[in-house]
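Remarks on the structure that follows.
So you know, we letter chains A, B, ... as the sequences are listed, proteins then strands, and number each from 1.
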Amino acid sequence: MFFTYLRRELRRRRKAALVVASGLALGIALVIVVNSVSAGMNRAQGRVLESLYGLGTDMTVTKAAAPPEEGATVKRPRFRFDAKGGDDDARQSQDIVMVQGFETLAASTVARVAGQDGVADAVGGLNVRVMKVDGQFKPGEFKQEPGEVKRGGPAAGEVRGGGADFDVDSYSVYGTDVAHQGLGPLTSSKITSGRTFAAGETSAAVAVVDSAYAKEKKLKVGGTLTVSGSKLTIVGIATADSGDAAADVYLPLARAQTLADAKGKITTVYVKATDSQRIAGVKDTIQKNISGTTVTTSADLAQTVSGSLSTASDLAAGVGKWLSIVVLVAAFLVAGLLTSSAVSRRVREFGTLKALGWKSRRVTGQVAGEALVNGLIGGALGIGIGLAGAWAITAFSPTLTAQLGAGGGGGAGAGGGGRMLVGGPGGPGGPMSDGASRALDIALTAPVSLTTIGLAVALAVAGGLIAGGFGGWRASRLRPADALRRVE
Amino acid sequence: MYELTGVTKRYRRGKDTVRALDGVDLAIPDGGRLVIQGPTGGGKSTLLQMLGGLDRPSEGAVVLDGVDLATLPEARLTRVRAEKIGFVFQGFNLVPTLTAQENVETALVPLGLKAAERRERAGEALVSVGLGERRGHLPGELSGGQQQRVAIARALVKRPAVLLADEPTGNLDESMRDEIMELLEGLWEENGLTFVMVTHDSVLARRAPRVATIRKGRVTIREQVVGAA
Ligand SMILES: Nc1ncnc2c1ncn2[C@@H]1O[C@H](COP(=O)(O)OP(=O)(O)OP(=O)(O)O)[C@@H](O)[C@H]1O
Ligand SMILES: [Mg+2]
């Protein structure tokens, strides 16, 4: 009888059931969408960070920021070109190879970091920026205005047309530890042509080029690349997973050190922790035991993410969360009140059942059962709508931009203009150890996890129980004499 | 066998107290038939509720077959309602979403019968009120008289000792009224029920051997010769 009655009620009072269910559905759908969008944001942030770090890196170690000394000269690149006399207009070209951020650590730091508690793996790398200045001077010509003669004075006229015509091309180079390729920026790229470095090529004159840079410069596997006079053979093309590579050119570490005149130096140690739950602890250990270093975890780096991704992420975490809580609570209350008022309209019906000898418990159970099923229908509906919403977001995938390092890079400005010249806002030892401020375009997805579905189901049941609780409580207070009440 | 002594029912309405029943003494023998009459608000329905164990008196005893319903624990009172008492209401009080058959079955639910037996007995009850063909109909698809027949089947399907009816023909026109009355009287005779009916209708009152009139909660009994009309 329980199920017959339940089925009949749900079928014949479909509209009332639908009102309760759709309220819950709205709340639950919102929870699913907000949750999955949040997950999508996290995934997007993860990809932003991954493009800098490589896969599996939990933190980086860089040189700690030193307070700028009084009167210290800012190290800045210097180009020297001679303006040769006469009609010499030969092209001149010069490469300046600089360590990114100008601050380095001794290569021995890698071993010291690796020796710390909780460190599973550590590998060093050198971030380098190359500026290629290429062009020519044109001497000016002295020109005298025809027909204009000045008395007693020097010949009037002016130098015209002289000048310099130079191209400045800047690209980033990453010196990678070829014996240790499981960690570091190159892990977030796939070799799409040629090969990667062999373990023995510690200082070989070989290079792997990022596909975007290769396309721009028309570089191919087997071709050559000249950096500061040294000829490198291109052995592979790498394509970054996230579409934004950590560097334009990858070289064996020792080769990069030689080119940058930084023998035995590195800029960054990439660290993998033994336990991803203990990253903060490992960070403290390293910072305490190895002085003069700054440890940056992905959590630290995530805080430097700005741009629309970060805005949307904050929105999802703040407004979205609160909105879904408010809607859910409202839906629960409305479901409860509607169920309760439905019981009020059926006072005579339930009173009659009690007059027929139905136990109060049975009547209450019937009401609660109805409400619970309503809640579950609402939940199913909500899961459907929520999944459709998440799917629509993923299908539509609005593009968000993430700005890394901007604003959040504490001490970024400390180093002065010289660094800005090479496009590296990361101050010495700032969180953005490998330099360039990046703007990435990330397509937002809304992946729905099983946990989210589980949460939605739990909420549906909770909604049903709350509605059932209201209605059941109301029904339990009815007396058999209510069978004679003149209502309706 | 009903024995009521000093039954008083007070309803509190804010500051006022309404004395719906005021020291009612009444005995109804097994198989007896009693009609309750009286002006509106006199306490007729209240008395019927006391008899049916739907409510408890403020004072006094309502003894049915040696058991005082006034002091019986709730669970046992529920059981008495389920087993011994059949109720017919003025407004039929059918569950609108259940079919005629299912409505009749609701009376058997508290008895814990097997579904098959429940179905069979409900079917028989519907046949006995002349609605064998209408089992699958919803209340909304039946006329008022037919709905009241379903309600009568529901009251009698449990084979109760007592049938209580509160203005069972109050919502029906005259032809329906006679039809329902004939049915009720037939069933009363056939089943040896104790039958108590509240009615406004003096025509119906004249058909009963005993009439209790309630005014302001007080009862006066009148015996009469049936068929005198
Ligand atoms: N639940 C209640 N709460 C308060 N007062 C009540 C309640 N039920 C009945 N009363 C009052 O008790 C008195 C008797 O009511 P009752 O319903 O028994 O009258 P009745 O004789 O059945 O009248 P009617 O012919 O109109 O059905 C009335 O004054 C009524 O207002
Ligand atoms: Mg009444």
Worksheet entry | Side chain proximity check, B:Pro96 to A:Arg346, heavy atoms < 4.5 angstrom | no

Discussion item. Is it the case that atom CH2 in A:Trp473 sees more than 12 heavy atoms from other parts of the structure closer than 6.0 Å?
Written reply: no

Worksheet item: Does any non-hydrogen side-chain atom of A:Arg8 lie less than 4.5 Å from one of B:Val95?
Response: no

Discussion item. For a quick test of reading the model, state the closest non-hydrogen atom pair linking A:Gly357 to B:Pro110 and the distance between them.
Written reply: O-CB, 3.3 Å

Discussion item. Less than 4.5 Å to any heavy atom of chain A: does that hold for the side chain of B:Leu77, its backbone, both, or neither?
Written reply: neither

Response to the item:
Scored by heavy-atom pairs under 4.5 Å with chain A, the best of B:Leu138, B:Asp166, B:Leu48, B:Asp55 is B:Leu138

Worksheet item: A:Arg11 versus chain B, heavy atoms under 4.5 Å apart: side chain, backbone, both or neither?
Response: neither

Discussion item. Has A:Arg348 got a side-chain atom pairing as donor or acceptor with B:Asn93's backbone, closer than 3.5 angstrom?
Written reply: no

Worksheet entry | Pick from A:Ala481, A:Ser360, A:Gly351 with the largest number of heavy-atom pairs that fall under 4.5 Å of chain B | A:Ala481

Worksheet item: For the residue pair A:Lys354 and B:Arg81, what are the closest heavy atoms and their distance?
Response: O-NE, 3.0 Å

Discussion item. If you count every heavy atom of other residues, nucleotides or ligands that lies below 6.0 Å from B:Arg218 atom CZ, does the total exceed 12?
Written reply: no

Worksheet item: Is the shortest heavy-atom distance from the side chain of A:Trp358 to the side chain of B:Thr106 under 4.5 Å?
Response: yes

Worksheet entry | Over 12 non-hydrogen atoms of neighbours within 6.0 angstrom of CZ in B:Arg10 | yes

Discussion item. Counting only non-hydrogen atoms closer than 4.5 Å, does B:Gln49 touch chain A with its backbone (N, CA, C, O), its side chain (CB onward), both, or neither?
Written reply: side chain

Worksheet entry | Minimum side-chain heavy-atom gap B:Leu98-A:Met1 below 4.5 Å | yes

Response to the item:
Comparing B:Glu74, B:Glu83, B:Arg118, B:Glu105 against chain A, the one with the most heavy-atom pairs below 4.5 Å turns out to be B:Arg118

Discussion item. Rounded at 0.5 Å granularity, tell me how far CD in B:Gln101 sits from OG1 in A:Thr4.
Written reply: 10.5 Å

Item to complete: Determine whether A:Tyr5 and B:Thr97 make a side-chain contact, defined as any pair of heavy atoms from C-beta on separated by less than 4.5 Å.
Response: yes

Worksheet entry | Closest non-hydrogen atom pair, A:Leu356 against B:Lys158 | O-NZ, 3.7 Å

